[in-house]
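Down below is the structure, laid out as structure tokens.
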Amino acid sequence: MDFDLLCELAVATAREAGAMLAGERSARGPDVVQTKSSPTDIVTQMDQAAERLILDRIRAVRPDDGFLGEEGGAHEGSTGVRWVIDPIDGTVNYLYDLPDWAVSIAAQIDGETVAGAIDIPRRGETYTAVRGQGARLHTVTTAGPSRTPETRTPRVSTGVPLNAALVGTGFGYAAERRAHQARVLTGVLPRVRDIRRSGSCCVDLCSLAAGRLDAYYERGVQEWDIAAGTLIVEEAGGRVGGLHGAPPGPDLTIAAAPELFEALHDLLAPLDPARD
Ligand code: IPD
Ligand code: CA
Ligand code: CA
């Protein structure tokens, strides 16, 4: 299996969906068509349109692959390749026209992510990674009339002690979960440089990969939130995991350079961050 080809399809599709979402967001914002786990957990018609576009593009090239899309459920497939898709990560930001929202597409083989792309249209950035081949950050700078594409190799910051770390996090949609997340935060905030809450797990993981955050943790993120971002962070030199050696996932996801991962893990563990 050629991982590069999977990555190319992920990149082209994430960019097309990102461009569609940026271009077609009406001035008054998209309509909320559904709520999920709580009244603040929203789906817009644009989440659904973006997922349809992504699935159409992938199926046109690879009709027998499986997929897991946040808005469309799961399909098994017969090739061993499964696409894990968050059509808009940061839907609330998209609704409010804040810039931190992203399209995330990961390709997995037998459960392991081998290629991924996260497009952040309002930042003009696309992050990509192929397992074993490193991560890339593609930017389009629009200085004056020219659009200059650039590619660089993002790296997770190293050598940052916990008390100097800028830490990204996020909050779930359920009130009870948020109340405990706030209690955990009171144990973290006095021990680190500061906290950031971008509103997009994918943007947080890309920011970490690019050295714009030093660490990230969150309870409640799903496979579609973290599949591509985990590979991007790992290929940029970071470690992504859960509590006490568990894999990253809904219970807890922690990401940082390896030595800072340990320090943040040991700060979080006694705060009981994996319960509501
Ligand atoms: C959400 C964002 C947010 C995180 C939530 C996610 P959505 O994804 O990633 O930053 O805190 O846990 O559910 O709902 O915008 O796709
Ligand atoms: Ca998401
Ligand atoms: Ca989403």
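Counting starts at 1 for both ligands and their atoms, following the listed order.
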For ligand 1, is there an atom lying under 4.0 Å from some heavy atom of [X]?
X: Gly220; value: no
X: Tyr173; value: yes
X: Gly172; value: no

[X]-ligand 1 polar pair, N/O distance under 3.5 Å:
X: Gly199; result: yes
X: Asp89; result: yes
X: Ile88; result: yes
X: Val221; result: no

Does the pair Phe67 and Trp83 meet the rule for a ring pair (Phe, Tyr, Trp, His ring centres under 6.0 Å), with working shown? CA-CA 4 Å; Phe67 61 82; Trp83 298 87; over 10 Å; no
For atom 15 (O) of ligand 1, closest protein heavy-atom neighbour: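 The closest one turns out to be Gly90 N, 2.7 Å.
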Suppose we measure from atom 6 (C) of ligand 1 to each protein heavy atom; which comes out shortest, and what is that distance?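 Ranked first by proximity to atom 6 (C) of ligand 1 is Asp225 OD1, 4.1 Å.
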Glu70: its N/O/S atom lying closest to the Ca ion (ligand 3) (atom name):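 For Glu70, the N/O/S atom sitting closest to the Ca ion (ligand 3) is OE1.
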Taking only Lys NZ, Arg NE, NH1 and NH2, and the carboxylate oxygens of Asp or Glu, determine whether [X] and [Y] approach each other closer than 4.0 Å.
X: Asp204; Y: Arg197; answer: no
X: Asp251; Y: Arg275; answer: no
X: Glu70; Y: Lys36; answer: yes
X: Asp194; Y: Arg196; answer: yes
X: Glu223; Y: Arg82; answer: yes

If you count heavy atoms of other groups shown closer than 6.0 angstrom to CZ of Arg15, is the number above 12?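 Correct, the count exceeds 12.
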Ligand 1 contact on [X] by region, counting heavy-atom pairs under 4.0 Å:
X: Asp86; result: side chain
X: Arg197; result: side chain
X: Gln222; result: neither

Is the Ca ion (ligand 2) less than 3.0 Å from at least one N/O/S atom of Asp89? yes
Counting backbone and side-chain atoms alike, does Glu71 have an N/O/S atom under 3.0 Å from the Ca ion (ligand 3)?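 For Glu71, the answer is no, given that no N, O or S atom comes within less than 3.0 Å of the Ca ion (ligand 3).
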If I take every N, O or S atom of Ile88, is at least one of them less than 3.0 Å from the Ca ion (ligand 3)?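 Under 3.0 Å: Ile88 contacts the Ca ion (ligand 3) through an N, O or S atom.
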Name of the Asp225 atom (N/O/S only) found closest to the Ca ion (ligand 2):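 Considering only N, O and S atoms, Asp225 comes nearest to the Ca ion (ligand 2) through OD1.
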Output the atom name for the N/O/S atom of Asp86 with the smallest distance to the Ca ion (ligand 2). OD2
Would you kindly say whether [X] and [Y] are connected by a side-chain donor-acceptor distance under 3.5 Å?
X: Ser200; Y: Asp89; result: yes
X: Asp41; Y: Ser38; result: no
X: Glu125; Y: Thr139; result: no
X: Ser78; Y: Asp64; result: no

List every atom of ligand 1 that sits less than 4.0 Å from any heavy atom of [X], numbering the atoms from 1 in the order shown and giving each element.
X: Glu218; value: 4 (C), 5 (C), 11 (O), 12 (O)
X: Glu70; value: 16 (O)
X: Cys201; value: 2 (C), 9 (O), 10 (O)
X: Phe171; value: 11 (O)

Taking side chain as C-beta onward, heavy atoms only, is Leu6 less than 4.5 Å from Met1? yes
May I ask you to test the Arg131-Glu235 pair for a side-chain heavy-atom distance under 4.5 Å?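 Yes; the side chains approach each other to less than 4.5 Å.
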